[in-house]
Amino acid sequence: MLSEEEILAGIDRTARSVTSFYGDEEFVVVSILKGSFVFASDLVRRIPNRIELSFVGVSSYRDGTESGPLEWTLFPTEDEFAGRRVLLVDDILDTGRTLSAVRSELLEQGARDVHSCVFLDKPARRAVEFRADFVGFEIDDVYVVGYGLDWAGRYRNLPYLATFSPEADPSRP
Ligand code: PRP
């Protein structure tokens, strides 16, 4: 769906928008594990601002491609974000439940403000109201893997983005 070159060009654009939004301000980039690790890694290297990097882990129990209840796998340490400007980074904005929950939690913990930057936005799938401040690419409601996105834990290491049909995977669980 997207070649490595197309992805990196999109990230250049996104990083420029983030940089001009924050100006000289320092902020904390919070990568939501696991899916965002590839995107976050390429994004932060294109942001010249003074930033800190942090990680939280949230997983939605997925039955194949459908999302289920959320579980924190790495919870922020107390006061980690108190008074800080936070940029949440995720690989995909799908139903919106993950980013919405993480944003609420960080605001509750005293973050000064929380914005969000996603590699992919799938607006057709939204179940809760959530709008990302920075979006790399908007895509239709198709299942995709690669560049951090998985199916059953696999394919995150593909350097490109590919559409995927679970039925076509001969090694599926
Ligand atoms: C995926 C993805 C996002 C979230 C988006 O994570 O990385 O964090 O789902 O979906 P939502 O908008 O419907 O909440 P997943 O729970 O699959 O965990 P992972 O990042 O470890 O793959």
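Atoms within each ligand, like the ligands themselves, are counted from 1 in listed order. Being a predicted model, the structure only gives us computed values, none of them experimental.
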Sub-4.0 Å heavy-atom approach of Lys122 to ligand 1: no
Any Leu33 heavy atom less than 4.0 Å to ligand 1: yes
Is it true that [X] and [Y] have a side-chain N and a carboxylate O under 4.0 angstrom from each other?
X: Asp79; Y: Arg84; result: no
X: Arg103; Y: Glu108; result: no
X: Glu138; Y: Lys122; result: no
X: Glu25; Y: Arg85; result: yes

Test of proximity, Ile32 against ligand 1: N or O pairs below 3.5 Å: no
N or O pair under 3.5 Å between Leu70 and ligand 1: no
Please identify which atoms of ligand 1 are closer than 4.0 Å to at least one heavy atom of [X].
X: Lys34; result: 19 (P), 20 (O), 21 (O)
X: Thr95; result: 11 (P), 12 (O), 13 (O), 14 (O)
X: Asp150; result: 22 (O)
X: Ser60; result: 16 (O)
X: Gly35; result: 19 (P), 20 (O)

Arg45-Ser41 side chain donor-acceptor pair, cut-off 3.5 Å: yes
Donor-acceptor side-chain pairing of Thr73 and Ser59 below 3.5 angstrom: no
Mutual orientation of the aromatic rings belonging to Phe164 and Tyr143 [parallel < 30°, tilted 30-60°, perpendicular > 60°]: tilted
Ring geometry between Tyr147 and Phe119 (parallel below 30°, tilted from 30 to 60°, perpendicular above 60°): tilted
Ligand 1-proximal atoms of Asp91, by part, heavy-atom distance under 4.0 Å: side chain
Ligand 1 versus Arg156: contacting region, heavy-atom distance under 4.0 Å: side chain
Best match, Val89, Asp90, Val102: closest heavy atom to atom 3 (C) of ligand 1: Asp90
